[in-house]
Amino acid sequence: MARIDDIIHQRLEKLHRIRQQDIDPYPHRYHRSHTTKEAIALFERGENAQVSLAGRITASRLMGKATFIDIRDSSGKIQVYFRSDHLGEKYEFLREFDIGDIIGVSGNLFKTHTEEITLGATDFTMLSKSLQSLPEKWHGLVDVEKRYRQRYLDLISNEEVRQLFLVRSRTIAHIRRYLDERGFIEVETPVLHPIPGGARARPFITHHHALDQDLYLRIATELYLKRLIVGGLDKVYEIGRIFRNEGISIKHNPEFTMLESYEAYADYNDVMKMLEEMISHVAQEVLGTTKVSFAGDTIDFSPPWQRITLREAIKEGCGIDFLEHTNAYSLRDAIRQLGIETEETLSPAYLTDKLVSTFVEPGLIQPTFLLDYPVETSPLAKRKPEDKRLVERFEAFAGGMEIANAFTELNDPEEQKNRFISQEDWRTKFGDEEAERYQADFILALEHGMPPTGGLGLGIDRLVMLFTNQQSIREVILFPQLRTK
RNA sequence: GGGCCGUUAGCUCAGGGGUAGAGCACCUGACUUUUAAUCAGGGUGUCCGGGGUUCGAAUCCCCGACGGCUCACCA
């Protein structure tokens, strides 16, 4: 039940009074001459022109016939000084302003006694009346659930959150610039896939009415991007939303952003070089350094990153040499002998990942490439010429998280066909629901000839976590997935 | 999905069987260089929801909702 004197009522009354004066509290436009940051820079250069600024009121200090109001726009904030002897009758209208309102102010800049660059108002306009009160000015908004559900309040009241999402934006912009400057073409491929593929994951299923056909939200962009390599676009990339119908955690959101890039005539060694160079370059551009603090550690992205084979890393971690286990039963038993619980599945992808996530990943704080995965775990990657049991694949880790996955792409259509078939076997014999599905259209593309190609997948959200020292992926996604209230 | 923790005013938080509290915000008044403005006054509430125990429940118990962490799953 609304009280007669609660905040929204008081503000509705103000709104009513404003309208009674024939003033529109929600006008259509306001022409700013500068942002607050530009205005301050202007004054510091010694140019003191008349300026018009606009922004949200974040604080107000009323002192009788003089009032100081802080307004904030996306560039920063500025203090505005209102004097009754300069504004005349209009000064009384300040009473209708509240913290949270959006106003436009024009006047001249000056410095107060405390040396703060301030706008001396000669005129002002209500641009949008706020009916709700803002979170507390000192502590900001703390309630995590409210910060995510009403992210706008988080952005208004927590400056560091605003900065964090600016870092995210600049990170993506610099990744684009890096790739564009190296001749990559940015493309857009379908989000709706007739068959999910390119990764191990449960998909979201939807239905197209006109086609009367089930479709899947993409779990990867891989198979379409490779078709473009077949089509002669030798360097392509896509930065896009990926959807995986799996658990939510501090490292997982059901929709997340991934960069995938494919470069013809390159192999995974070339991709490794590109990735370490790109990340350190982007860190330098965005953060001004290649060293970041993350969860109490200092991570240095400058190349070269450490390279270690998966086999060595697992052996060091727990003593198991997966190449000695020629069948999945024996590998699973070896894992269980270490006291690690495993599912009944014998999927090599599952078992390998279990070993990595338990014994290797938590220790990979500095950027590290794990190299050469068992062929059964990577149905789309090319075998190593010197050891057919392995494929040319790497995963990159930093801060104890996997951030990238890449391989020399399998371009032999006959072998790809066989790999799909053995994946289908895993599904039928061992119930591995996430095994790669046979994709006849993709085979058809390969049959036309795909050049040797190096491909990369990079988790953008996790990279931003590393850049901003955030331990939860929800802190770097503007609107993380939450249960509907 | 399991375990642990949390949910009290618009916001940040105290209070843990006996009249619902503080700071900020808000309202009234004073104040022409303040900046967490200051000063004087005002407490504005479905104590997350439902049930139970009790003379009496924000507080104890049970069920549920939502969130955080964690385990499982995954990337």
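The analysis underlying the following values was restricted to heavy atoms, covering all of them including side chains, and did not include hydrogens, waters or symmetry mates.
- Using modelled atom types, one finds a donor on one side chain and an acceptor on the other under 3.5 Å when comparing A/Glu475 with A/Tyr148.
- Comparing B/C60 with B/G56, their C1' atoms are spaced 13 Å from each other, to the whole Å.
- B/A58 sits 15 Å from B/G50 when the C1' atoms are compared, rounded to a whole Å.
- Between A/Tyr152 atom OH and B/C11 atom C1' the separation is 14 Å, expressed in whole Å.
- Here A/Pro203 pairs with A/Pro196, A/Tyr216, A/Ile219 under the side chain to side chain contact (heavy atoms under 4.5 Å, CB included) rule; sequence neighbours left out.
- In this structure B/G16 sits in the syn conformation; its chi angle is within 90° of 0.
- Counting distance only, with no hydrogens placed and no angle test, the side-chain atoms of A/Glu145 and the base atoms of B/U7 include no donor-acceptor pair under 3.5 Å.
- Contact check, A/Arg474 against B/G68: a side-chain N or O comes under 4.0 Å of OP1 or OP2.
- For A/Arg19, the side chain to side chain contact (heavy atoms under 4.5 Å, CB included) partners at least two apart in sequence or on another chain are A/Leu15, A/Pro25, A/Tyr26.
- Taking atom CZ of residue A/Arg149 and atom C1' of nucleotide B/C66, one finds them 6 Å apart after rounding to whole Å.
- Base pairing annotation: B/G1 forms a Watson-Crick or G-U wobble pair with B/C71, both donor-acceptor distances under 3.5 Å.
- B/U34 atom P lies 18 Å from atom CG of A/Leu94, rounded to whole Å.
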Please enumerate all protein N or O atoms sitting under 3.5 Å from an N or O of nucleotides 20-24 of chain B, with distances to 0.1 Å.
from  : atom 1 : to       : atom 2 : distance (Å)
B/C24 : O3'    : A/Lys137 : NZ     : 3.4

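- Using a 4.0 Å heavy-atom cutoff across all strands shown, A/Arg147 reaches no nucleic acid atom at all.
- For A/Tyr224, the ring pair (Phe, Tyr, Trp, His ring centres under 6.0 Å) partners two or more places apart in sequence, or in a different chain, are A/His193.
- Checked against ring pair (Phe, Tyr, Trp, His ring centres under 6.0 Å), A/Phe301 has the following partners two or more places apart in sequence or in another chain: A/Phe467.
- Of all nucleotides present, only B/U44 satisfies the Watson-Crick or G-U wobble test against B/A25, with each distance under 3.5 Å.
- For the residue pair A/Asn253 / A/Arg474, no side-chain donor-acceptor distance below 3.5 Å is found, with atom types taken as modelled.
- A donor and an acceptor atom, one from each side chain of A/Glu392 and A/Tyr373, are nowhere located under 3.5 Å apart.
- Nearest-nucleotide assignment on RNA chain B puts the 5′-proximal partner with A/Lys146, out of A/Lys146 and A/Arg11.
- Within the shown strands, nothing qualifies as a pairing partner of B/U59 under the Watson-Crick or G-U definition with both distances less than 3.5 Å.
- In this structure, the ring pair (Phe, Tyr, Trp, His ring centres under 6.0 Å) partners of A/Tyr81, at least two apart in sequence or on a different chain, are A/Phe68, A/Phe110.
- One atom, CG of A/Asp143, and another, P of B/A9, lie 11 Å apart when rounded to the nearest Å.
- Across the P atoms, B/G3 and B/U44 are found 41 Å apart, a figure rounded to whole Å.
- Under the 3.5 Å distance criterion, with hydrogens and angles disregarded, no donor-acceptor pair is assigned to the side chains of A/Arg149 and A/Thr484.
- B/G17 is unpaired under the criterion used here, namely a Watson-Crick or G-U wobble arrangement in which both key atom distances are under 3.5 Å.
- Rounded to whole Å, atom C1' of B/A25 lies 14 Å from atom CD1 of A/Ile57.
- B/U34 and B/U38: their C1' atoms are spaced 10 Å apart (whole Å).
- Here A/Arg83 does not reach the OP1 or OP2 of B/U32: none of its side-chain N or O atoms lies under 4.0 Å away.
- Of all the residues in residues 64-73 of chain A, A/Gly64, A/Lys65, A/Ala66, A/Phe68 reach under 4.0 Å from RNA chain B with at least one non-hydrogen atom.
- Using a 4.0 Å cut-off, no side-chain N or O of A/Arg61 falls inside it from OP1 or OP2 of B/U34.
- Applying the salt bridge (Lys or Arg N to Asp or Glu O under 4.0 Å) rule to pairs touching residues 67-78 of chain A yields A/Arg32-A/Asp73, A/Arg61-A/Asp70, A/Asp70-A/Lys77, A/Arg72-A/Glu159, sequence neighbours excluded.
- In a base pair of the Watson-Crick type (N1 to N3 plus N6-O4 or O6-N4) or a G-U wobble (N1-O2 and O6-N3), with each distance short of 3.5 Å, B/C66 is matched with B/G6.
- In this model, the phosphate group of B/G29 is approached by a side-chain N or O of A/Arg95 to a distance below 4.0 Å at OP1 or OP2.
- Residue-to-nucleotide proximity on RNA chain B shows that, of A/Ser60 and A/Lys354, the 5′-proximal contact is made by A/Ser60.
- Phosphate contact (OP1/OP2 of B/G67, side-chain N/O of A/Arg483, threshold under 4.0 Å): present.
- With sequence neighbours excluded, no residue satisfies ring pair (Phe, Tyr, Trp, His ring centres under 6.0 Å) with A/Phe43.
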